[in-house]
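A short worksheet on the structure shown next.
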Amino acid sequence: MDERYDPQKIEPLWQSFWAEREIFRCGEDDPRQKYYCLEMFPYPSGRIHMGHVRNYAIGDVIARYKRMKGFNVLHPMGWDSFGMPAENAAIKHGVHPSKWTYENIDYMKKQLGRLGLSYDWSREVTTCSPEYYRWNQWFFIKMLEKGLAYRKSSYVNWCPSCETVLANEQVIDSQCWRCDSGVVQKELFQWFLKITAYAEELLKACDDLAGWPEKVVLMQKNWIGRSQGLEVDFRVAGTEDVIRIITTRPDTLFGAMFICLSPPHPLAKKLVADKVALEKITAHYGKADEKMGLFTGHYCINPVNDERVPIYVANFVLMEYGTGAIMSVPAHDQRDFDFAKQYDLPVRVVIEPLGAGHDSAQKNGRSQGLPLQEAYEDEGTLVNSGEFTGLGSEDGKARISELIEKKGLGKKVINYKLRDWGISRQRYWGTPIPVVYCDLCGPVAVRESDLPVILPEDVKFTGTGGSPLLDSPSFLNASCPSCGGQARRETDTMDTFFDSSWYYIAYCMGLKDLKFEAGHAAPELRHWMPVDQYVGGVEHAVLHLLYSRFFTRVVRDLGIIEQSEPFKNLLTQGMVIRDGAKMSKSKGNVVDPNYLIERYGADTSRLFSLFAAPPEKDLEWSDKGVEGAFRFLTRIWALAHKRVDAVRGISASGGPVIRPEETSRAGRELLRKTHQTIKKVTSDIEREFHFNTAIAALMELSNEMASYEPEDKADLDVYCFSLKSVLLLLAPFTPHIAEELWGAAGLNKGRLCISEEAWPLWDEDLSREDEVELVIQVNGKLRGKVLVPAGLADDLLRDRALASPEIKKMLSGGMNIKKVIVVKGRLVNIVAGQ
RNA sequence: GCCGGAGUGGCGGAAUUGGUAGACGCAAGAGACUUAAAAUCUCUCGUCGGCAACGGCGUACCGGUUCGAGUCCGGUCUCCGGCACCA
């Protein structure tokens with residue numbers, strides 16, 4: 001073997017070795033227990049960044065570790081390859097999105113290969129390929145059949161210059177992220193998926209996500225946002241119309257001073273005579289603007305006290321939530337309070353803080369004369385509420401709800417913040433929505449036998465005039481699947497979150513073998529699902545993960561899969577930051593993985609990413625730290641090289657034979673340290689993948705090995721055993737150097753390579769210390785330490801402590817022992833006084 | 001505003017169940033090797049006092065529980081993340 005560690009020389013060799021022998025290929029006909037390890041697949045933006053390196057290094061350690069532990073590991077990779085950047089590149093540089101995307105995939109695939117990631121590439125999935133997106137279309141049609149996909153008109157963020165819908169995250173300070181034009185709210189027909197049909201199930205099942213970070217589960221719960229409310233009907237005076245409002249505070253019903261309608265509310269059009277004014281309000285609907293209101297000129301009747309209250313249209317009332325109308329209680333809701341102040345509307349206090357007691361007269365006085373400074377939003381005691389005055393909020397809610405229900409004027413309802421998922425995008429580079437519009441039959445789904453609806457190649461990218469599909473007659477013109485007449489194809493494409501909502505299912509089959517049939521449970525899915533460990537950035541805590549949970553349930557209800565939850569365990573890794581900030585081109589603080597790999601190699605890049613912080617925390621980049629990681633690997637190399645011939649000799653004659661009683665004291669210590677390290681590394685990986693401390697333990701062991709001087713054959717056997725163990729333990733983290741040294745030391749017998757070896761086991765007896773340092777405290781302060789044999793009984797430990805010179809000295813000064821506390825095998829605390 | 005999370009040396013981070021605070025690494029300093037530098041190796045490295053043995057202080061801040069608190073409880077401050085007119 002070479003004396004010098006040269007990763008550039010060894011790493012590519014092992015990468016081709018693994019690839020040629022398909023070491024990481026897995027199948028369903030394997031008797032070993034399955035383990036599905038998955039990292040979030042990348043968007044092929046051009047080249048990988050440090051976030052990818054970290055994400056995939058973490059996943060790769062898990063996959064390699066589980067393989068060594070004897071699992072049949074599925075570890076796939078693919079490409080989330082539809083999306084806006086490809087289209088923007090087409091507009092800017094005239095490259096076709098397809099060409100741009102596939103070239104990026106080629107390049108990035110090489111980069112991933114150079115990191116030594118242990119994927120089964122035979123299952124690679126590329127979402128922009130027709131083999132993949134035809135199933136997007138198939139799932140969509142199935143959802144349409146089940147009423148889970150539907151078309152409705154809704155308000156969306158619209159960029160008038162780009163002529164497309166923008167997702168919320170693409171609107172920055174009310175401006176288009178691409179052209180800086182002002183974004184407007186536009187009413188548009190869009191396709192939606194009825195995720196709300198699963199709201200309750202998705203929420204309830206959150207409690208079963210035991211393998212997920214609590215933070216993410218909580219974010220999902222908040223996103224679904226369940227609340228208990230009461231619907232109440234307010235009659236519009238002098239008409240037959242009824243306004244149904246929703247409230248979570250029935251106890252404040254007597255304080256409802258006006259009613260607000262959302263601008264798109266159907267009654268708003270009907271009640272407002274001044275259409276120009278209504279349009280003005282509508283223009284400010286859905287914006288984080290100042291509050292705007294418009295009096296309709298009509299009143300309605302509060303059912304609990306028959307008061308006439310004015311009806312307003314208000315820009316801040318959401319049509320999508322509840323009924324699109326609210327009752328306004330300015331005294332107890334800050335938004336209503338602000339609105340009332342702005343339009344000089346009356347305020348009536350109906351809830352008093354608990355314990356207000358004799359202050360109440362004063363408080364009441366405020367509501368009559370002195371102006372209230374702000375709304376009181378907490379619960380309290382009802383006042384000015386007719387027969388309910390004096391009740392607490394809880395009782396008030398129950399009794400008033402009861403009254404409304406009894407009168408038939410409303411009912412208790414459950415509401416969710418979760419909205420149906422709008423999937424239409426006015427973009428080219430996405431899955432065509434498989435629908436045609438027929439003048440006679442309306443929107444009709446494409447026949448299953450006609451799938452996939454192929455994205456046409458012959459289109460122009462101008463960046464204006466909306467989707468390029470609008471100018472493609474060959475695509476646009478279709479015949480109606482129902483009546484055969486002239487029809488026009490849907491030109492909207494699907495949100496790319498649709499693609500990523502089931503890619504983990506696709507991996508179980510592989511792109512070429514994708515096939516689903518409603519009512520037929522797929523055997524590959526039965527074998528591999530659910531994902532045992534999912535690893536990815538926390539930025540997907542809600543959207544992608546929630547969509548996937550929804551999608552899995554839809555696929556389940558189609559009879560294709562048994563599970564409801566796609567991801568059993570989730571690890572959300574932190575960001576890679578530099579100088580305290582996220583790496584970004586504009587800040588000029590990016591680290592290019594290519595540079596790292598060229599300079600230090602893949603093993604060092606992986607090792608540093610894993611060592612510098614535990615995976616769930618942000619990782620502060622450090623050039624010097626990378627050098628430290630490289631130095632460690634250089635020392636490992638030197639360690640093997642130093643005694644390579646001796647070790648080869650030992651492995652050639654059947655491997656080390658350990659007889660602890662025959663080894664020197666140093667030998668027994670190294671043997672013990674080795675067993676302790678196997679134990680530590682194993683438990684650190686098992687304990688939430690704390691690779692940083694596992695690597696620290698390996699560094700400790702290598703430090704001991706470096707200063708170890710074997711005296712005879714028995715000692716050399718121990719050394720050989722330690723080296724063998726270190727290489728096995730390093731194999732998941734830095735697989736190339738582990739492979740190379742494994743081979744160089746002649747340890748590669750039986751199996752092809754170290755990646756196929758079994759994870760080492762430790763011997764509890766040999767890992768145990770025979771002497772321990774007993775800590776002696778007096779009144780909780782450290783006062784002495786003494787070496788004692790391990791396993792001494794508590795009272796013997798106590799005696800040893802009291803007999804130690806430091807303690808004798810201290811206690812001779814007239815202190816009395818009041819109590820002695822012994823912590824098994826570790827510590828004695830002497831409580832003394834005077 | 002609401003809901004979470006986190007504050008430990010010069011830095012990244014350890015301390016797993018309330019039991020030696022600072023493992024491991026980086027940086028820094030001293031020394032060895034070298035004509036010299038790099039690389040490598042050895043030692044020091046929370047802070048204050050002391051020649052030293054040793055002692056005081058120390059895990060954002062204030063208080064509490066406990067024989068004993070980085071860890072548990074109450075309050076304050078700061079930073080980070082999520083949601084934000086959800087009625």
Side-chain angles (χ1 to χ4, degrees), chain A residues 213-223 225-227 229-230 245-249 252 256 260 262 286-291 314-318 320-329 332-336 338-339 377 415-419 538-539 541-542 574-575 580 607-608 611-614 616-629 631-632 634-635 638 680 683-684 686-688 690 692-700 702-703 706-707 773-785 806 818-824 826-833:
Chain A
E214 281 175 45
K215 179 174 93 163
V216 175
V217 175
L218 192 70
M219 279 166 73
Q220 295 235 337
K221 282 184 178 172
N222 291 341
W223 190 265
R226 184 187 203 266
S227 63
L230 180 72
I245 63 95
I246 188 146
T247 179
T248 55
R249 290 297 299 273
T252 63
C260 289
S262 179
K287 284 192 180 177
D289 254 5
E290 59 179 309
K291 293 195 171 32
N315 69 325
F316 68 92
V317 179
L318 303 171
E320 287 81 6
Y321 184 76
T323 57
I326 59 163
M327 69 171 194
S328 288
V329 184
H332 305 294
D333 183 295
Q334 191 57 39
R335 296 159 300 184
D336 297 342
D338 295 342
F339 192 86
E377 296 190 330
N415 253 280
Y416 302 92
K417 292 200 324 193
L418 183 69
R419 307 283 160 75
V538 73
E539 65 271 19
V542 176
M575 286 188 304
L607 187 69
F608 176 74
F611 175 64
E616 71 280 4
K617 286 185 69 170
D618 283 352
L619 184 155
E620 174 71 38
W621 189 259
S622 156
D623 293 330
K624 292 290 186 182
V626 178
E627 282 179 32
R631 268 201 294 270
F632 169 66
T634 308
R635 281 198 294 268
K680 170 87 176 142
S683 64
D684 281 351
E686 294 287 343
R687 177 174 62 97
E688 319 218 341
H690 277 205
N692 56 331
T693 50
I695 292 165
L698 284 164
M699 288 174 169
E700 282 189 54
S702 74
N703 288 342
S707 56
E773 198 174 51
L774 181 68
V775 173
I776 307 169
Q777 296 183 334
V778 175
N779 293 333
K781 290 202 177 193
L782 179 70
R783 288 296 181 237
K785 292 174 186 177
E806 296 99 324
K818 292 181 174 163
K819 199 167 152 192
V820 177
I821 287 147
V822 180
V823 178
K824 204 143 207 63
R826 308 183 70 171
L827 176 144
V828 173
N829 187 15
I830 298 158
V831 187

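A:Lys824 places its NZ atom 16 Å from the P atom of B:G19, with the value rounded to the nearest Å. Atom NE2 in A:His690 sits roughly 18 Å away from atom P in B:G12 (whole-Å rounding). Distance, A:Leu418 CG to B:G82 C1': 16 Å, rounded to whole Å. Whole-Å rounding puts the A:Asp623 CG to B:G12 C1' distance at 13 Å. When the P atom of B:C26 is taken as reference, atom CD1 of A:Ile695 falls 13 Å away, rounded to whole Å. If you measure from atom CD1 of A:Ile821 to atom P of B:G18, you get 16 Å, rounded to the nearest angstrom. Nucleotide B:G25 holds its P atom 9 Å from the CZ atom of A:Phe632, rounded to whole Å. Following rounding to the nearest Å, A:Asp333 (CG) and B:G1 (P) show an atom-to-atom distance of 17 Å.
Remark: A:Arg687 is in phosphate contact with B:A15, judged by side-chain N or O atoms under 4.0 Å from OP1 or OP2. In this model, the phosphate group of B:A84 is not approached by any side-chain N or O of A:Asn222 to a distance below 4.0 Å at OP1 or OP2. A:Thr634 has no side-chain polar atom (N or O) that falls below the 4.0 Å cut-off from OP1 or OP2 of B:U40. A close approach under 4.0 Å does occur between a side-chain nitrogen or oxygen of A:Lys819 and OP1 or OP2 of B:C67. OP1 and OP2 of B:A87 both lie 4.0 Å or more from every side-chain N or O belonging to A:Asn415.
The separation of B:A37 from B:C45, taken at their P atoms, amounts to 26 Å, rounded to a whole angstrom. Rounded to whole Å, the separation between the P atoms of B:A21 and B:C57 comes to 13 Å. Using C1' as the reference atom, B:G4 and B:C11 are 28 Å apart when rounded to the nearest Å. Only the P atoms considered, B:C48 is 15 Å distant from B:G9, to the nearest whole Å. Nucleotides B:U47 and B:U59, compared at atom C1', are 13 Å apart to the nearest Å. Rounded to whole Å, the separation between the P atoms of B:A6 and B:U71 comes to 13 Å. Comparing B:C54 with B:C73, their P atoms are spaced 38 Å from each other, to the whole Å. When the P atom is used for both B:G22 and B:G58, the distance is 16 Å, rounded to whole Å.
Taking the syn range as angles within 90° of 0, the glycosidic angle of B:G9 is syn.
Candidate nucleotides B:G25, B:G68, B:A21 were compared by shortest atom distance to the side chain of A:Leu782, and B:A21 ranks first. For A:Ala612, taking side-chain heavy atoms from C-beta onward, the closest of the listed nucleotides B:G68, B:G12, B:G13 is B:G12. For A:Thr247, whose side chain is taken as the heavy atoms from C-beta onward, the closest listed nucleotide among B:A87, B:G25, B:G4 is B:A87. Closest to the side chain of A:Thr693, out of B:A15, B:C67, B:G13, is B:A15. Counting only heavy atoms from C-beta on, A:Ser622 has its side chain closest to B:C26 among B:C67, B:C85, B:C26. Nearest to the side-chain atoms of A:Met699 among the listed nucleotides B:A87, B:C24, B:C83 stands B:C24. Each of B:U20, B:G12, B:C26 was ranked by its minimum atom distance to the side chain of A:Arg631; first place goes to B:C26. Closest contact between the side chain of A:Arg826 and the listed nucleotides B:G19, B:G25, B:U16 involves B:G19. Among the nucleotides B:A27, B:A87, B:C24, the one closest to the side chain of A:Glu700 is B:C24. Residue A:Leu218 has its side chain nearest to B:G4 when only B:A87, B:G25, B:G4 are considered.
Partner assigned to B:A53 is none, using Watson-Crick or G-U wobble distances below 3.5 angstrom. Base pairing analysis places B:A21 opposite nothing; no Watson-Crick or G-U wobble pair with both distances below 3.5 Å involves it. Base pairing analysis places B:A28 opposite B:U44; the two distances defining the Watson-Crick or G-U wobble pair are each below 3.5 Å. As the counterpart of B:G1, B:C83 is assigned, both hydrogen-bonding distances of the Watson-Crick or G-U wobble pattern falling under 3.5 Å. Remark: B:A37 base-pairs with no nucleotide; criterion is Watson-Crick or G-U wobble with both hydrogen-bond distances under 3.5 Å. Remark: B:A6 base-pairs with B:U78. Criterion, Watson-Crick or G-U wobble with two distances under 3.5 Å.
Note: A:Arg419 CZ to A:Trp223 CH2 = 9.0 Å, rounded to the nearest 0.5 Å. Of the inter-residue distances, the one linking A:Ile246 atom CD1 with A:Ile326 atom CD1 reads 11.5 Å to the nearest 0.5 angstrom.
In this structure, A:Ala696 and A:Arg419 both approach RNA chain B, and ranking their closest nucleotides by distance from the 5' end singles out A:Ala696. Across the interface with RNA chain B, nearest-nucleotide mapping of A:Val542 and A:Leu318 shows A:Val542 to be the residue nearer the 5′ end.
Looking at heavy-atom distances under 4.0 Å, A:Asn692 makes contact with sugar-phosphate atoms alone, never a base. Among the heavy atoms of the strands, none lies under 4.0 Å from A:Val329. A:Val775 comes within contact range of at least one nucleobase, with a heavy-atom separation under 4.0 Å. A:Phe611 comes within 4.0 angstrom of a nucleotide base, judged by non-hydrogen atoms across all strands. Contacts of A:Gly628 with the nucleic acid, taken as non-hydrogen atoms under 4.0 Å apart, involve only primed sugar atoms and P, OP1 or OP2. No contact: A:Asp336 has no heavy atom under 4.0 Å from any strand. Residue contacts for A:Ser227: at a heavy-atom cut-off of 4.0 Å it reaches the sugar-phosphate backbone alone, with no base atom in range.
Evaluation of atom-type donor-acceptor distances gives no pair under 3.5 Å for the side chain of A:Lys624 against the base of B:C11. Side-chain N/O atoms of A:Lys781 and base N/O atoms of B:U20 include no donor-acceptor pair closer than 3.5 Å. In terms of polar N and O atoms assigned as donor or acceptor, the side chain of A:Glu773 comes within less than 3.5 Å of the base of B:U20 in a complementary pairing.
At least one donor-acceptor pair closer than 3.5 Å links the side chain of A:Asp684 to the backbone N or O of A:Ala694. Of the possible polar contacts, none joining the A:Asn222 side chain to the A:Gly225 backbone as a donor-acceptor pair under 3.5 Å is found. Under the 3.5 Å distance criterion, the side-chain polar atoms of A:Asp618 are matched with a main-chain donor or acceptor of A:Met575. For the pair A:Asn415 (side chain) and A:Gly229 (backbone), a donor-acceptor distance under 3.5 Å is absent. Formation of a donor-acceptor pair under 3.5 Å by the A:Gln334 side chain with backbone atoms of A:Glu377 is not found in this model.
The side-chain heavy atoms of A:Asp333 and A:Arg249, taken from C-beta on, include no pair separated by under 4.5 Å. The side-chain heavy atoms of A:Leu827 and A:Gln777, taken from C-beta on, include a pair separated by under 4.5 Å.
Annotation: A:Phe316 is in aromatic contact with A:Phe339 [ring centroid separation under 6.0 Å].
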